[in-house]
Amino acid sequence: MNNYLAVDIGASSGRVIWGTLQEGVLRLQEIHRFNNGFIEKEGHFYWDIENLLRQIIQGLQQAKRLGVEECTLGIDTWAVDYVLVGSSGERIGEVYSYRDPRTDRAANLLHQKISFQELYAKTGIQQLSFNTLYQLSVHEQEELRKAEQIMLVPDYLHYRLTGISKSEVTNASTTQMLNLHTQDYDVDLLALLGLQRNQFPALVQPGFRLGPIREELVQAYHLPRCELICAATHDTASAVLGVPARGESWGYLSSGTWSLIGVERKQPLTSHLAMESNYTNEWGAFGTYRFLKNVMGMWLIQQVRKEYDNAYSFAELAELATAAEPFRSLIPCNDDRFLNPPNMTEAIRSFCAQTGQPVPNTPGEIARCIFDSLALSYDAYVREIEKMTGENLEELHIVGGGSNNEFLCQLSADLLGKDIEAGPTESTVLGNLAIQMIADGAIRDIQEARAIIRHSFAIRTYKPRPVDPNMLAEQRTKFHSLHFNRIN
Ligand SMILES: Nc1ncnc2c1ncn2[C@@H]1O[C@H](COP(=O)(O)OP(=O)(O)OP(=O)(O)O)[C@@H](O)[C@H]1O
Ligand SMILES: C[C@H](O)[C@H](O)[C@@H](O)C(=O)CO
Ligand SMILES: [Mg+2]
């Protein structure tokens, strides 16, 4: 029986999970979990990349202690952020978090050189203020000049472990620098930033075999002998692979720090409506495209929970929301004011005051405002996606940590009037493992992998409850009037 290790590092937490496939059942054993999150230094926000490497090493050491002598290893992380690497392989400077305010005006400045319309026609990528393209356009020129390589976070982690430098396509597509037509980095876009194509590693597909962990690391840290295989290194791309879809017409909501809501397509969709509504075409595994939209997601409640000194679990906050008055106050989840405010609770309260809504006070009222607003977002975007693709989605899957939020899963089913299938929580890990097992020949293809996931993990179905159509129409109208997510 082969051993497969998945390292999945999201914005709020990371985990090292040991996967095995026994008689058609996929079994997971969590062997290490750690908190993630950016650190603030002099008004800027960075990731502690050295700590992430330490945590991966600790997870591998634990795997060895549990008896894993040989394995394959896949790594996935959040998107867009990058590491500058010098001619001697040294890291140059800090690793900025995408929530750093340095990009607040970057898009407006860059669009003086190239319109968003032209950019979208090239890349099909949604406008998020922190896309890698915008980050690099404002990065300190001194550091950029010293950079021989620009690696996205998971590619850099691969590099530190193996010495091999490659750029895996699913995550590379989130840079907004990959050209849909040439299927490579767009050299004209790079030139706008004063960058060369050879500063970015060669593109590779999920399943690419990177090679073994460097021997000196194996010896120094008593690690298992691991061969690194490129997962779909964008965590959302792995999450989509881990969706236990049955048919051909299905949508997903990868619910974690962000809610990524979309469909898996064989071709990109870059219509004028898709661009105007700010939908993206991130690349998926096996030549697919993840036509989706970023929704601010559980970041909102994560920050509120911290501001209550973590006095409540996420389950308790969902419970308190259940008892609060429905649709009393709503927020436009994707408004930039919620991207990284000094205090999320205050940002929510002041928005409600500014818009003449009742101001939420208690933890339950704040949580209810967040979850009502998220559910109305999901309702709006699923209907937009169905309109743009011409599909009536027969299956809707919520995966990731948010699939444990019973209140929000049920409310989403009620508003949409559709069944919602919730779980697995660790869909990202499962998608990471699926690529390894397919590369290893243990699983034939992604269809078989999804069938095995369906068979191996409990999936809870939320059936829609009756909703007053007048109330629904009223809330949809109110939400739409508050919603600012138009490209300025
Ligand atoms: N029992 C629960 N009840 C309600 N919500 C929960 C529960 N467990 C987890 N969550 C939600 O799941 C979120 C974390 O999801 P997940 O672990 O998928 O995120 P992540 O992988 O750390 O981050 P990223 O989204 O960047 O991948 C929490 O912020 C919380 O809102
Ligand atoms: C910054 C990105 O939008 C973010 O990482 C999102 O793509 C994601 O993957 C969240 O897990
Ligand atoms: Mg995650």
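This is a predicted model, so every value here is computed, not measured. Indexing begins at 1, ligand by ligand and atom by atom, following the structure's order.
Applying the ring pair (Phe, Tyr, Trp, His ring centres under 6.0 Å) test to every pair with at least one member in residues 309-348, sequence neighbours left out, gives these pairs: Y308-Y312.
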Let me have the donor-acceptor pairs involving side chains of residues 229-243, under 3.5 Å, with sequence neighbours excluded, atom names and distances please.
from, atom 1, to, atom 2, distance (Å)
T233, OG1, E168, OE1, 2.5
H234, ND1, R290, NH1, 3.1
H234, ND1, R290, NH2, 3.1
H234, NE2, T236, OG1, 3.4
S238, OG, A232, O, 2.7

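Here is the list of ligand 1 atoms found below 4.0 Å of a heavy atom in A11: 23 (O), 24 (P), 26 (O). Shown in contact with Q302 at under 4.0 Å from a heavy atom are these atoms of ligand 1, numbered in order with element: 28 (C), 29 (O). Using a 4.0 Å cut-off to heavy atoms of M298, the atoms of ligand 1 that qualify are 29 (O), 31 (O). Taking every heavy atom of D235 and a limit of under 4.0 angstrom, the matching atoms of ligand 1 come to 26 (O), 27 (O). Within ligand 1, the atoms closer than 4.0 Å to a non-hydrogen atom of R15 are 17 (O), 21 (O), 22 (O), numbered from 1 in the order shown.
Every side chain to side chain contact (heavy atoms under 4.5 Å, CB included) that T425 has, sequence neighbours left out, goes to S403, N404.
Using a 4.0 angstrom heavy-atom cutoff, G402 counts as in contact with ligand 1.
At a heavy-atom cutoff of 4.0 Å, ligand 2 is surrounded by W78, A79, V80, Y98, F130, H234, D235, T236, W258, L260, N294.
Relative to atom 28 (C) of ligand 1, the option among W78, W258, F314 with the closest non-hydrogen atom is F314. Closest heavy-atom approach to atom 25 (O) of ligand 1 within the set N405, T257, I301: this belongs to T257.
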